[in-house]
Every structure is written in structure tokens, then in C-alpha cells.
Amino acid sequence: MTVTASHTGAARWAAVRPWLGVAARLGLAAVWLIAGGAKVGDLAASGRAVNAYQVMPYDVATVIGAALPFVELALGALLLFGLATRLAAGISAALLVVFVAGIASAWSRGLAIDCGCFGSGGQLAAGQAPSYLPEILRDLGFLALAGFLLIWPRTPVSVDGWLAGPPVEDDDE
Amino acid sequence: MSSRKGQKDAARVVREQLARERRRKRTLWTSLVAVAVLVIAGGIGWAVWSSQRSDTFTAPPGATEAGTGIAYGTGPVTIDLYEDFLCPACNQFQQTSGATIDQLVSEGKARVVFHPVAYLNRFSTTEYSTRSSAASGCAAKGGKFQEYAKALFAKQPPEGGAGLSDDELVDIGAGVGLNRDDFASCVSDGTYKAWTEHVTDDASRAGVTGTPTVKVNGAEVADRSPAGLTAAVAAASK
């Protein structure tokens, strides 16, 4: 009995997993496309948002601030099309870890800034409270999506899948 | 019998090895393509950013030597004001403490350097922060910077909209006594837009991350009330 129960459980997981993967992939793609799109219109402000963390010299911050929105858009596009999904998920996870570390460090140093995650950014007006915890929790949620794709990168309707051809029994890539 | 089975096994091992090899190659190539896409995207961002920046600027008359703000007054203590004409908190600050600053200047206690930074371009659909700051440069050229800055705050548009049009900026200039034709052509030519960028860039470099920021002799003042400012200036002139 128990054998069949776990067997049907595994079968159900095998049937659901690919579609959870698609949802995670498109969800993470949307996050990057929205985050990059919100920043790409004002690269100077993006540089100032990076500079507000006060972890690097201003000139470095402006370059990072200018490059980051485009990298985010490109990551979003890779995930949207499902090209090199595991690599894109890995880089997403690395970026998100850096963002969480940045927010936590701003928090611990007592800075009052907006994370600038989806545009805006910079110092908050007096009397405006920073919302570091929700920002970190949100990024951890995104990190979970990236983690799912790192473990199970093969999803339906993806360039990866199309390149690999029909799935074989031991498709762990 | 056993040799046939052995041959079959060997063939299967070879097939699997080839499949693994193909898969490895495919992963390598897609990864290389993906990394190239990301690197190129970052490069594009950097290129767009550097093409947007202007290398040269003309500071309006009345600007400091480094061209980072408009200076007025002759007092021994320097008050640096970093404000964006679209920023509501700056408007509030001007209303509560503007008169105190004017008084400190007229009493000869302080000199003001006003940095009209364009931090909030994202909060208008027409880059109002840059346009209004560049227009204030035009007002400085006409010798009416202080009056114009005050009038801009009095007519501050809300965040998130189109801001004031260039025509409205010109009307305000004419209202404070600037020559309409000279001022209008300065505004429409964007004569001081590169200067605005320089002012904004310099403020960021100086660690100003929000507006308003007030510094007295280079030290940021947390208490921007009239009493706080007066005390900070008194302490600095000792």
C-alpha cells in the first residue's frame, strides 16, 4: 500500500514539476524585466541608487548603476526564452544574494535609504521609514524561484528543451 | 551468446558516452552564448550612459568657481543647500527655514551656495527636475536666481505629472523681472542643461543622496529648523 502511495505521489510530482518550473522561470523573468525596465529610463538615478549604499566609490557606482538595468533585462530575456536556464538561475541567485547583503548592510549601518530595487532609490525623506525587512523577504522569495530552477532547470516551452530534443529517461540537465 | 551480449553492452556504453559528450558540448555552448548576452548587455548600459553624459558645461554667472552651485552672500560661514525644484520636502524646508537663511545672509553671517540638483527626473514625465534647474541657471544669468528659485517653489508642480511646461517656466521668469526674450531663448536652448548635470554629478560625488540636504561649512545639518540652522551657523563661526 505504502509503496503505491509513494509511487503515485512521485508520479504526480513528476507531472507537476515541469509546470512549476515554467511558472518559476516566467515569474523570475518578469521580476528581472520589471526591475530592469523601471531603471533603464534614468541611468544617472540608477547610479545614485547604487551610490546610496555607500559601499563603493561614486565612479564605480555609476558604472554599476548604468550596466545593471541592462543586465537585468538580459537575464529576464534568457529566462523568458529558457536559454541556459541553469546558468541564468545561478546568476540570478548570485545577484539576489548580493542585493540581500547590500540591504542588510545598509540596515545594519543605520542608513535610511530605499533599496532602489524597482526604480527610485536613494535617501528617504525625513520621517519616512525604510522597509528593509519586506525588501529582504521579497528578495528571498525571488531567491527561492531561482533555487527551484537551479535544481530543476529543464522546463517545457524553452529553448533549452528545444535544443535537447525530446526528453530521455535520464534528463538531469 | 555471452560475446553477443558483451557487444551489445559495449555499443550501449559508447552510445551513452556520445550522448553525454553531446550534452556537455550543448551546455557549454548555451552557457557561452548566455554569458556573452549578459556581458554585452552590461556593455551597452555603460555605452548608453557614457553617451548621455556631456563632457563640457558652461556655468552661469554667479556660480561658484567649481561651477557646482550658485553662490550669494558674503558671510564667513558657508551654507550648502542641495535641492530639487520638484521635491516636496524641499518646498516645505524653504517655507519653514527660507526666511531664516535669507536673514543669516543679510546679516552678513553666512554665504549660501545653492545646488539645484536634478535627482527626481523619474518623478515627472518631462524631466522637470533638469528643465527647472537649467532654467534657474538662466535666471542666474539674468541676475535673479534667488527670486526665481523662490517663485519655482511657490509654483511647485506635484510629483508624477508633467511638471511645468517650458512656457510656464518662462512666464515665471518674466514674473520676477527677467527679460522675457533672453530668458525664453536660454530656456528653450537648454543652455544650462549640461551645467545641471555637472551640479547633480558633483552633489552625488559629495555623498548627497537625497534632497533637501543642508551642509554648514561642509558638515551635514540634521536639524533643518530655523533654530537648528541658526545654532549650526553660530557654532561654525566660533
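What you see is a predicted model; the values in this text were computed from it and never measured. Chain letters run A, B, ... following the sequence lines, proteins first, then strands; residues in each count from 1. In what follows, every heavy atom counts, from backbone to side chain, and hydrogens, waters and symmetry copies are set aside.
- Within 6.0 Å of atom CD in B:Q92, 12 or fewer heavy atoms from other residues, nucleotides or ligands are found, so the atom counts as exposed in its surroundings.
- Across A:P57, A:P69, A:A44, the residue that shares the most heavy-atom pairs under 4.5 angstrom with chain B is A:A44.
- Annotation for A:A74 and B:L38: closest pair CB-CD2, 3.7 Å, computed over non-hydrogen atoms.
- Looking only at distances, no side-chain donor or acceptor of A:R48 sits under 3.5 Å from a matching main-chain atom of B:S204.
- No part of B:V39 comes within reach of chain A, as not one of its non-hydrogen atoms sits under 4.5 angstrom from that chain.
- Within a 6.0 Å radius of OH in A:Y132, more than 12 heavy atoms belonging to other residues, nucleotides or ligands are found.
- In this structure, CD on B:Q52 lies 8.0 Å from CG on A:D42, to the nearest 0.5 angstrom.
- Using a 4.5 Å cut-off between heavy atoms, A:L75 touches chain B through backbone and side chain atoms alike.
- Put simply, CD1 on A:I113 and OG1 on B:T209 are 8.0 Å apart, with the number rounded to the nearest 0.5 Å.
- With a 6.0 Å radius and a threshold of 12 heavy atoms from other residues, nucleotides or ligands, B:E65 has its CD atom at or below the threshold.
- A:L83 is not listed as a side-chain neighbour of B:V37, based on a closest heavy-atom distance of 4.5 Å or more.
- Interface remark: A:L87 contributes side-chain atoms only to the contact with chain B (heavy atom separation under 4.5 Å).
- Heavy atoms of B:A19 lying under 4.5 Å from chain A are absent altogether.
- Contact tally against chain A (heavy-atom pairs below 4.5 Å) for B:S31, B:P212, B:A41: the top residue is B:A41.
- The shortest side-chain heavy-atom distance between A:F70 and B:V48 falls under the 4.5 Å cut-off.
- By the 6.0 Å contact criterion, CH2 on B:W46 is open, its count of non-hydrogen atoms from other residues, nucleotides or ligands being 12 or less.
- In this structure, B:T30 and A:A84 approach most closely via the heavy-atom pair O-CB, 3.7 Å.
- Taking both residues in full, the closest heavy atoms of A:A45 and B:R122 are given as CB-NH2, 3.1 Å, listed atom of the first, atom of the second, then distance.
- In terms of heavy-atom pairs under 4.5 angstrom with chain B, the leader among A:V40, A:L68, A:V71 is A:V71.
- Annotation: maximal heavy-atom pairing with chain B below 4.5 Å, among A:L78, A:N51, A:I64, occurs at A:L78.
- Here B:D202 contributes atom CG and A:Y58 contributes atom OH; the two are 9.0 Å apart, rounded to the nearest 0.5 Å.
- Using a 4.5 Å cut-off between heavy atoms, A:A77 makes no contact with chain B at all.
- Contacts with chain B were tallied for A:G41, A:A66, A:A61; A:A66 has the most, counting heavy-atom pairs under 4.5 Å.
- With a threshold of 4.5 angstrom between heavy atoms, A:L73 does not approach chain B through any atom at all.
- Considering only heavy atoms from C-beta on, A:D59 comes within 4.5 Å of B:R205 through its side chain.
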